[in-house]
K.L.:
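Structure in structure tokens, see below.
Counting from 1, the numbers follow the sequence of the chain as shown. None of the values given here were measured: they were computed from a predicted structure.
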Amino acid sequence: MLGVGVGLTLAFIYIPLIVIAIYAFNGGTTFKWPLESVTTEWFGRAIDNQGARDALWTSMRVGAAATGLALVLGTLASFAVSRYRFFGRETISFLVVLPIALPGIVTGVALSNTFTQVFGIDLSLFTVIVGHATFCIVVVYNNVIARLRRLSGNLEEASADLGAHTWQTFRHITLPNIQTALVAGGLLAFALSFDEIIVTTFTLGAGEQTLPIWIFSNLFRGQQFQITNVVAVMAVVISIIPVYLAHRLSREEGVTARGAGGRAAATAPMP
């Protein structure tokens with residue numbers, strides 16, 4: 001029964017993606033099942049499409065900038081919550097995580113009104129980056145704070161006892177122990193930003209398009225829907241890469257931690 005449940009879950013998730021991938025090879029002029037014919041012509045046209053290339057480049061820039069901002073702020077927040085005890089610490093941790101649980105349309109409307117009505121800032125790629133960073137911080141924060149909680153503070157205290165100042169301790173002790181969590185969190189944040197459409201809709205300025213916005217804008221245009229299918233498949237592939245790498249890093253980190261624990265237990269002196 002468990003195997004059947006897993007199979008149904010995977011089918012529920014991936015059958016729509018498989019259908020889109022099949023339609024990318026549709027040689028007909030309409031959506032019909034089964035396909036009238038099969039062709040790879042649309043892949044070449046999608047690559048040559050200037051609008052799709054510009055939208056892809058915009059999504060890459062926004063994703064990279066939002067990820068960088070999330071790495072800095074998420075790491076600082078995780079250090080503050082994990083290394084210090086102060087009033088309201090758990091409340092701050094809750095508030096940092098909350099944005100990813102809020103409906104995207106609520107976040108988008110709130111950000112748009114804040115930028116335009118409160119601060120008087122015109123919507124642009126800058127506002128998109130800030131908007132994406134609000135929820136990208138969450139995945140960085142969760143990854144880093146989980147790693148810090150497994151990292152003993154004794155190492156940092158020993159480094160300080162040996163005369164290392166704060167930045168030396170961070171560079172030589174703390175950073176090497178959290179670098180996989182940083183990379184995994186950054187990859188997930190980039191994938192999250194790259195795929196975002198709701199918050200982007202409310203924070204994007206006129207004349208700019210990210211790849212998800214381009215796909216949505218061209219989805220119902222009769223002369224573009226074949227190319228849109230191909231671009232959608234490419235977007236899925238691009239999104240899979242950082243998620244897969246983050247998953248591999250998390251697995252390798254877990255295996256390394258278990259192996260280190262086993263070696264420590266094996267070499268520990270008997271009482």
Side-chain angles (χ1 to χ4, degrees), residues 60-101 129-130 132-196 238-268:
M60 298 290 283
R61 287 189 293 158
V62 170
T67 299
L69 188 58
L71 281 171
V72 174
L73 298 180
T75 302
L76 290 175
S78 63
F79 269 94
V81 171
S82 66
R83 288 292 187 259
Y84 299 96
R85 300 293 181 266
F86 52 89
F87 176 76
R89 185 170 66 96
E90 295 303 323
T91 302
I92 290 177
S93 180
F94 171 75
L95 291 176
V96 172
V97 176
L98 181 61
I100 202 169
I129 291 168
V130 174
H132 285 197
T134 58
F135 52 81
C136 289
I137 288 173
V138 179
V139 293
V140 175
Y141 174 82
N142 284 337
N143 275 272
V144 176
I145 199 170
R147 187 66 186 94
L148 288 173
R149 286 171 176 168
R150 295 198 302 269
L151 177 63
S152 174
N154 294 334
L155 294 174
E156 296 172 346
E157 293 174 1
S159 176
D161 289 340
L162 293 172
H165 55 68
T166 302
W167 289 110
Q168 286 178 322
T169 300
F170 176 79
R171 177 184 175 186
H172 297 290
I173 303 298
T174 309
L175 184 59
N177 282 281
I178 68 170
Q179 61 184 1
T180 52
L182 287 172
V183 174
L187 289 170
L188 290 174
F190 179 85
L192 197 62
S193 172
F194 186 84
D195 293 338
E196 174 57 38
I238 293 173
S239 301
I240 287 174
I241 295 172
V243 174
Y244 173 75
L245 293 175
H247 176 67
R248 287 295 302 270
L249 283 171
S250 299
R251 287 186 58 189
E252 291 172 2
E253 179 181 314
V255 170
T256 302
R258 289 194 297 271
R263 289 193 297 272
T267 58

K.L.:
T67 side chain to F190 main-chain N or O, any donor-acceptor pair under 3.5 Å?
P.N.:
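Checked: pair present.
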K.L.:
Quick check: closest heavy atoms across I92 and V81, and the distance to 0.1 Å?
P.N.:
CG2-CG2, 4.4 Å
K.L.:
Compare every heavy atom of S93 with every heavy atom of Y141, then report the nearest pair and how far apart it is.
P.N.:
OH-OG, 2.8 Å
K.L.:
If the condition is side chain to side chain contact (heavy atoms under 4.5 Å, CB included), which residues does L175 pass it with, not counting sequence neighbours?
P.N.:
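Scan of L175 (side chain to side chain contact (heavy atoms under 4.5 Å, CB included), adjacent residues dropped) gives F170, I178, L182.
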K.L.:
Just verifying a value: how many Å separate R150 CZ and S82 OG, rounded to the nearest 0.5 Å?
P.N.:
12.5 Å
K.L.:
For D195, what residues pass the side chain to side chain contact (heavy atoms under 4.5 Å, CB included) criterion, not counting sequence neighbours?
P.N.:
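Once residues adjacent in sequence are excluded, the partners of D195 under the side chain to side chain contact (heavy atoms under 4.5 Å, CB included) criterion are S239.
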K.L.:
Could you state the interatomic distance from CG (L192) to CZ (F135), rounded to the nearest 0.5 Å?
P.N.:
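Interatomic distance, L192 CG to F135 CZ, rounded to 0.5 Å: 5.0 Å.
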K.L.:
Return yes if some donor-acceptor pair links the side-chain N/O of T75 with the main-chain N/O of L71 below 3.5 Å, else return no.
P.N.:
yes
K.L.:
Return the minimal non-hydrogen interatomic distance between Y84 and F79, and the atom names on each side.
P.N.:
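Result for this residue pair: CD1-O, 3.8 Å.
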K.L.:
Identify the heavy atoms of N143 and G185 that sit nearest to each other, and give their distance.
P.N.:
ND2-CA, 3.8 Å
K.L.:
How many angstroms lie between CG in N177 and CD in Q179, if you round to the nearest 0.5 Å?
P.N.:
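Here the rounded value is 8.5 Å.
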K.L.:
If you look at every heavy atom in G186 and V140, which pair is closest and at what distance?
P.N.:
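Shortest heavy-atom separation between G186 and V140 comes out as N-CG2, 4.4 Å.
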K.L.:
As an exercise, state the distance from CZ of F86 to CZ of R89, rounded to the nearest 0.5 Å.
P.N.:
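Result: 7.0 Å between the selected atoms.
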K.L.:
Hey, could you give me the SG/CG distance between C136 and L73, rounded to the nearest 0.5 Å?
P.N.:
11.0 Å
K.L.:
What is the distance from atom CD1 of I100 to atom CG of N142, rounded to the nearest 0.5 Å?
P.N.:
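Taking CD1 in I100 and CG in N142, the distance rounds to 7.5 Å.
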K.L.:
Which atoms form the tightest heavy-atom contact between I137 and G74, and what is the distance?
P.N.:
CG2-CA, 3.9 Å
